Undergrad: 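One structure coming up, written as structure tokens, with questions to follow.
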Amino acid sequence: MTRTELEPTTQINSHLRSFVYWSDFDTRPVFENFHFLRVLHIEQDIKTELPEALGDLIFLRYLKVNSAKVPRSLGNLHRLLIVDFRDPRMLHELPNVLMKLEQLRHLYLRAISALAAASQLRLPTSGNLRTLWGISAKSWRVKDLEQLSHLRKLCVTDIASMEELESVWKCPSITSDCVHKLALVVEDEMELSSLGPISHSHNLSSLYLWGSLQQIPLDSGGLPRNLTKLILARSKLSQDPMPFLGNNLPYLKYLRLAWNAYTGSEMVCKENSFLPLEQLHPDLLFNLQSLKVENGALPQLKGLFISDDVQIPQRLERLRN
């Protein structure tokens, strides 16, 4: 759609409340004419900075755009409830204005690398945030987590120091057991020496941990018991984790062990273990040669992804086919 094609629409729909678009078109009329928008969702890749006129859309509640840069006028949108900048191909620079969005409930960011910023980005700390997904410890002031008490979903990447990890553990949302979904990515040179207060969590149901767990004995109760989904990556576990996981996580339905989460050559699903498990993904475990399944294990298994070079028992081979 061209600017000429869009202009008749703007004249007729100056009070438009929602605008969702996927095709390539000139976005300027949107910011110039649709001042009463509540929802703005543009999937088109905007390779330049969004215009300052973004800040004129003061009634916006939901914002999802794919842009390389976001203007400082974003800080004018005090009614925003949801901000989604997850596209990993696009956003590279973000102004330090999100702390002004005190009504913000859900913030989604690219979780794979740091953002360009003159100083550490600040989080809104009014207590309204429920989702904080994809903040990098390289770009954001992680200590702000210590003021957030109502989070339900939290993802923090690029954790490179014990101080940064301690700020995560001190987050009131974690200490009060409010978080249901948690993802932590630790730099390769650092180890997770403790799982802090989440070890005893009753409400945490989904956990993603990227980083070495060599110093944490899983058989001593290191993981929360009520997990339904668990992903471990680069954990470098030398002892087979399957006996513990299969008998101590009674609600687990999804399990992925990836990128040398386990460095041994054999895994064993013990008899009558993993009773509710539906999805099993032991992939990119480069030393793994065999996976043994004893009688009564994995009775509910519906999906299996496993590297081709692993010697799969006949029973699991039939399930995969």
Side-chain angles (χ1 to χ4, degrees), residues 110-114 132-140 142-143 145 153-171 174-175 179 181-201 204-249 252 254-269 280-291 305-307 309-310:
R110 52 182 302 190
I112 62 170
S113 62
L132 183 56
W133 201 258
I135 66 165
S136 167
K138 292 180 179 178
S139 303
W140 294 83
V142 179
K143 197 170 182 63
L145 290 173
K153 298 178 182 179
L154 174 63
C155 171
V156 185
T157 69
D158 302 316
I159 298 172
S161 69
M162 288 304 301
E163 182 181 2
E164 292 170 349
L165 184 59
E166 282 301 313
S167 289
V168 175
W169 296 148
K170 290 178 181 178
C171 175
I174 289 181
T175 58
V179 175
K181 184 176 181 179
L182 177 65
L184 299 178
V185 178
V186 174
E187 296 281 83
D188 289 342
E189 61 271 14
M190 182 184 163
E191 291 197 6
L192 281 165
S193 58
S194 166
L195 293 184
I198 69 170
S199 298
H200 309 291
S201 171
L204 189 63
S205 60
S206 177
L207 179 61
Y208 175 104
L209 293 175
W210 175 292
S212 175
L213 296 174
Q214 289 177 298
Q215 296 185 22
I216 301 178
L218 295 182
D219 55 5
S220 66
L223 293 171
R225 179 177 174 81
N226 292 334
L227 289 176
T228 60
K229 182 176 182 178
L230 175 63
I231 302 175
L232 299 178
R234 291 194 183 276
S235 310
K236 302 176 185 177
L237 297 171
S238 57
Q239 183 177 348
D240 181 8
M242 302 303 272
F244 168 78
L245 298 177
N247 291 311
N248 290 276
L249 301 180
L252 195 64
Y254 179 101
L255 174 62
R256 184 183 180 198
L257 302 173
W259 287 102
N260 276 337
Y262 171 54
T263 59
S265 61
E266 179 180 273
M267 292 199 305
V268 180
C269 298
L280 177 59
H281 296 247
D283 61 293
L284 300 174
L285 304 180
F286 301 111
N287 296 328
L288 188 63
Q289 298 178 11
S290 66
L291 170 61
F305 178 89
I306 193 166
S307 303
D309 57 347
V310 176

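As a basis for the values below, the full set of heavy atoms in this structure was taken, side chains included, without hydrogen atoms, waters or symmetry mates. These numbers were taken from a predicted model, which means no experiment stands behind them.
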Undergrad: Around Glu266, counting heavy atoms of other residues, nucleotides and ligands shown, do more than 12 lie under 6.0 Å from its CD?
TA: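 Counting other residues, nucleotides and ligands, CD of Glu266 exceeds 12 neighbours.
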Undergrad: Taking the side chain as every heavy atom from C-beta outward, state whether Leu249 and Leu255 have any pair of such atoms under 4.5 Å apart.
TA: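 Leu249 does not reach Leu255 side chain to side chain.
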Undergrad: Kindly compute the distance separating CG (Leu207) from OG1 (Thr228), expressed to the nearest 0.5 Å.
TA: 10.5 Å
Undergrad: Is there a side-chain contact between Asp283 and Arg256 (heavy atoms, below 4.5 Å)?
TA: yes
Undergrad: For Asn287, enumerate each residue passing the side chain to side chain contact (heavy atoms under 4.5 Å, CB included) test, keeping only those at least two apart in sequence or located in another chain.
TA: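 If we apply the side chain to side chain contact (heavy atoms under 4.5 Å, CB included) test to Asn287, skipping adjacent residues, the hits are Thr263.
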Undergrad: What distance do Tyr208 atom OH and Leu232 atom CG have between them, rounded to the nearest 0.5 Å?
TA: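 The distance works out to 10.0 Å.
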Undergrad: Could you tell me whether the side chain of Met242 reaches within less than 4.5 Å of the side chain of Val268, counting heavy atoms only?
TA: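 No, every pair of side-chain atoms sits at 4.5 Å or beyond.
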Undergrad: Does the side chain of Met190 reach to within under 4.5 Å of the side chain of Leu165, using non-hydrogen atoms?
TA: yes
Undergrad: In terms of the angle between their ring planes, are Trp259 and Phe286 parallel, tilted or perpendicular, with boundaries placed at 30° and 60°?
TA: perpendicular
Undergrad: Using side-chain heavy atoms (C-beta onward) and a distance below 4.5 Å, is Ile174 in contact with Val168?
TA: yes
Undergrad: Between Leu237 and Leu257, does a side chain to side chain contact (heavy atoms under 4.5 Å, CB included) hold up when you go through it step by step?
TA: CA-CA 10 Å; Leu237 297 171; Leu257 302 173; 6.0 Å; no
Undergrad: What are the two closest heavy atoms between Ser238 and Tyr262, and how far apart are they?
TA: O-CE1, 3.6 Å
Undergrad: Can you give me the closest heavy-atom contact between Cys269 and Leu291, atom names plus distance?
TA: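 The answer is SG-CD1, 4.2 Å.
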Undergrad: Could you give the distance from CE (Met162) to OG (Ser167), rounded to the nearest 0.5 Å?
TA: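 Reported value, rounded in 0.5 Å steps: 10.5 Å.
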Undergrad: After noting the C-alpha distance and the side-chain angles of Asp158 and Glu187, does the key distance pass the side chain to side chain contact (heavy atoms under 4.5 Å, CB included) rule?
TA: CA-CA 6 Å; Asp158 302 316; Glu187 296 281 83; 3.7 Å; yes
Undergrad: Any non-hydrogen side-chain atom of Ile231 less than 4.5 Å from a side-chain atom of Tyr254?
TA: yes
Undergrad: Taking the side chain as every heavy atom from C-beta outward, state whether Asn226 and Ser201 have any atom pair closer than 4.5 Å.
TA: no
Undergrad: Do Trp169 and Leu145 come within less than 4.5 Å of each other through their side chains, counting heavy atoms only?
TA: no
Undergrad: Starting at OG1 of Thr157, measure out to CD1 of Ile135 and round the result to the nearest 0.5 Å.
TA: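 Interatomic distance, Thr157 OG1 to Ile135 CD1, rounded to 0.5 Å: 8.0 Å.
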Undergrad: How long is the span from the CG atom in Leu230 to the OG atom in Ser205, to the nearest 0.5 Å?
TA: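 Reported to 0.5 Å precision, the distance equals 11.5 Å.
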Undergrad: Test side chain to side chain contact (heavy atoms under 4.5 Å, CB included) on Asn248 and Leu223 and set out the steps.
TA: CA-CA 9 Å; Asn248 290 276; Leu223 293 171; over 6 Å; no
Undergrad: When you look at Ser212 and Val186, which way does the side chain to side chain contact (heavy atoms under 4.5 Å, CB included) test go after all the steps?
TA: CA-CA 8 Å; Ser212 175; Val186 174; over 6 Å; no
Undergrad: Give me the atom names and distance for the closest heavy-atom approach of Leu204 to Pro224.
TA: CD2-CG, 3.9 Å
Undergrad: Let me confirm one number: the NZ-CG distance from Lys229 to Leu252, rounded to the nearest 0.5 Å.
TA: 11.0 Å
Undergrad: Please report the shortest heavy-atom distance between Ser290 and Leu288, naming the atom on each side.
TA: O-CD1, 3.4 Å
